[in-house]
*Asks:* 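Provided herewith is a single structure, encoded as structure tokens, for subsequent inquiry.
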Amino acid sequence: MTDAQPKHARIADRIRAAIGAGRYRAGERLPGEDALAEEYRTSVVTVQKALQLLKNEGLATGRRGSGVYVQDLQLLGRHGSPRRALGEWGDGPRIWPADETRPVTIEQVTIAEPPPARVAEVLGLAPEETVRAFDFRYLVDDRPVKLVRVYLRPSSFIGHVADRGSVPGNLLSFLREIGLTPAHIREEVRGRTPAGSDASGLKIPIGRTVLDAYRIAFAEDGQVLGVEQTVMDSTAYVAEYAYDV
């Protein structure tokens with residue numbers, strides 16, 4: 001904490017330190033705005049700004065009509081290595097594993113089309129071609145943590161999948177169900193400000209960063225089998241990579 005920081009950032013630092021020291025534990029309600037303003041000898045407006053910073057970084061969460069609480073959620077692991085052998089890709093949330101003590105629920109949100117220009121380009125679609133886009137939302141302890149959209153070409157081999165009421169929750173599970181094994185996966189991840197639909201789907205403040213990942217599955221001959229876009233609450237995930245050197 002430095003004097004160069006805005007006052008609300010300094011207050012946020014002090015509340016953050018109190019949480020780290022165990023003064024306020026996960027799931028516990030923080031003191032009210034008036035009490036915090038008195039404790040830190042500042043205005044209620046400054047406290048509100050400080051609490052908003054903590055909400056944006058996922059350390060605190062507001063409950064309507066109840067107050068602000070210390071966020072209670074273990075980080076979910078997104079593991080990049082060691083690579084799994086072909087044929088060993090799991091179903092559902094096993095693609096991006098969650099802590100075993102935190103069961104993951106998958107909601108199918110919508111089925112939509114057409115694809116954005118970026119996906120159409122990756123899939124090599126002609127201007128008149130379309131794809132099937134399947135939307136899913138992953139929840140841990142009823143908290144949305146990840147939005148997934150899977151893009152597949154509309155062809156006869158996915159008809160039995162598209163017509164079902166329940167479908168696989170990610171690209172690799174889709175491919176596995178229709179008997180296709182990708183030979184190569186390419187993925188890129190970046191942080192960005194959430195769009196309105198991201199914020200509402202994940203139930204996060206618009207000021208919180210999300211992680212946006214594109215995963216592309218290739219066949220042995222280089223053909224693109226499908227594309228998956230995943231938008232994650234950045235406060236819920238930690239990326240882990242391990243490799244031999």
*Asks:* Determine, stepwise, if the pair M232 / Y138 fulfils side-chain contact (heavy atoms from CB on, under 4.5 Å).
*Replies:* CA-CA 9 Å; M232 295 166 282; Y138 284 52; over 6 Å; no

*Asks:* For the residue pair L147 and L202, establish whether any side-chain heavy-atom pair is separated by less than 4.5 Å.
*Replies:*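 When only atoms from C-beta onward are counted, L202 and L147 do touch, with a gap below 4.5 Å.
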
*Asks:* Start with the C-alpha gap between D13 and R16, add the side-chain angles, then the distance that decides, and say whether salt bridge (Lys or Arg N to Asp or Glu O under 4.0 Å) holds.
*Replies:* CA-CA 5 Å; D13 279 348; R16 191 183 297 110; 2.4 Å; yes

*Asks:* Any side-chain heavy atom of I216 sitting closer than 4.5 Å to one from I185?
*Replies:*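 Answer no - side chains too far apart.
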
*Asks:* Measure across D221 and Q223 and return the closest heavy-atom pair with its distance rounded to 0.1 Å.
*Replies:*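 Looking at all heavy atoms of both residues, the closest pair is OD1-N, 3.0 Å.
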
*Asks:* Scan I204, V140, L139 and name whichever one has a side-chain contact (heavy atoms from CB on, under 4.5 Å) with V145.
*Replies:*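 Checked I204, V140, L139 against V145; only one passes side-chain contact (heavy atoms from CB on, under 4.5 Å): V140.
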
*Asks:* Would you please test V44 and D34 for side-chain contact (heavy atoms from CB on, under 4.5 Å) and show each step?
*Replies:* CA-CA 6 Å; V44 170; D34 290 338; 3.3 Å; yes

*Asks:* Quick check for you: to the nearest 0.5 Å, what is the distance between R10 atom CZ and H8 atom NE2?
*Replies:*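 Separation between the atoms: 10.0 Å.
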
*Asks:* Please report the shortest heavy-atom distance between K7 and R41, naming the atom on each side.
*Replies:*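 Looking at all heavy atoms of both residues, the shortest contact is NZ-O, 3.6 Å.
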
*Asks:* Write down the atom of L172, the atom of P182, and the distance for their closest heavy-atom approach.
*Replies:*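 Residues L172 and P182, closest heavy atoms: CD2-CG, 3.7 Å.
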
*Asks:* Going only through I, L, V, M, F, W and Y residues with side-chain contacts under 4.5 Å, is there a path from L53 to I15?
*Replies:* no

*Asks:* If every non-hydrogen atom of I206 is compared with every non-hydrogen atom of A199, which pair is closest and at what distance?
*Replies:*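 It is CD1-CB, 3.8 Å.
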
*Asks:* Taking T209's backbone N and O only, do any of them form a donor-acceptor pair with S234's side chain (distance below 3.5 Å, no angle check)?
*Replies:*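 Judged by distance alone, yes, a pair lies under 3.5 Å.
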
*Asks:* Between atom CD1 of I11 and atom CG of L51, what is the distance when rounded to the nearest 0.5 Å?
*Replies:*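 It comes to 10.0 Å.
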
*Asks:* Are more than 12 heavy atoms, taken from residues, nucleotides or ligands other than E38, located less than 6.0 Å from that residue's CD atom?
*Replies:* no

*Asks:* Looking only at non-hydrogen atoms, find the nearest pair between A26 and V70 and report the distance.
*Replies:*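 Nearest pair, atom of A26 first, then V70: CA-CG1, 3.8 Å.
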
*Asks:* If you apply the rule ring pair (Phe, Tyr, Trp, His ring centres under 6.0 Å), what do you find for Y151 with F134, and how did you get there?
*Replies:* CA-CA 7 Å; Y151 296 94; F134 299 85; 9.6 Å; no

*Asks:* With heavy-atom distances below 4.5 Å as the criterion, would you say the side chains of E33 and Q48 are in contact?
*Replies:* yes

*Asks:* Indicate yes or no for a side-chain donor-acceptor contact from R208 to the backbone of K55 under 3.5 Å, with no hydrogens or angles considered.
*Replies:* yes

*Asks:* What ring-ring contact (aromatic ring centres under 6.0 Å, His included) pairs are there with at least one residue in residues 201-235, not counting sequence neighbours?
*Replies:*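 Matches after skipping sequence neighbours: H184-F218.
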
*Asks:* How about P194 and V231: do any of their side-chain heavy atoms sit closer than 4.5 Å?
*Replies:*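 No. Closest side-chain heavy atoms not under 4.5 Å.
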
*Asks:* Under a 4.5 Å cut-off applied to non-hydrogen side-chain atoms, are N170 and F136 in contact?
*Replies:*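 SC-SC contact between N170 and F136 ruled out.
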
*Asks:* For the pair E228 (side chain) and L171 (backbone), establish whether a donor and an acceptor sit closer than 3.5 Å, ignoring hydrogens and angles.
*Replies:* yes

*Asks:* I want to check something: taking the side chain as every heavy atom from C-beta on, are L59 and I19 in contact at a cut-off of under 4.5 Å?
*Replies:*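 Yes, at least one pair of side-chain atoms sits under 4.5 Å.
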
*Asks:* Is the closest side-chain heavy-atom distance between Q229 and V150 below 4.5 Å?
*Replies:* no

*Asks:* Please check this pair: side chain of R137 against backbone of P144, looking for a donor-acceptor N/O pair closer than 3.5 Å.
*Replies:*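 Looks like no, no N/O pair under 3.5 Å.
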
*Asks:* Sorted by first residue and then second, give each ring-ring contact (aromatic ring centres under 6.0 Å, His included) pair with at least one member in residues 32-69; sequence neighbours left out.
*Replies:* none

*Asks:* By the side-chain hydrogen bond (donor to acceptor under 3.5 Å, both in side chains) test, which pairs, at least two apart or in different chains, include something from residues 193-202?
*Replies:* R192-D198

*Asks:* Does the side chain of L123 reach to within under 4.5 Å of the side chain of V227, using non-hydrogen atoms?
*Replies:* yes

*Asks:* Taking all non-hydrogen atoms of both residues, which atom of S66 and which atom of R29 are closest, and how far apart?
*Replies:* O-NE, 2.8 Å

*Asks:* Which is it for E28 and R63 under the salt bridge (Lys or Arg N to Asp or Glu O under 4.0 Å) test, yes or no, and what are the steps along the way?
*Replies:* CA-CA 12 Å; E28 289 184 353; R63 299 181 188 175; over 6 Å; no

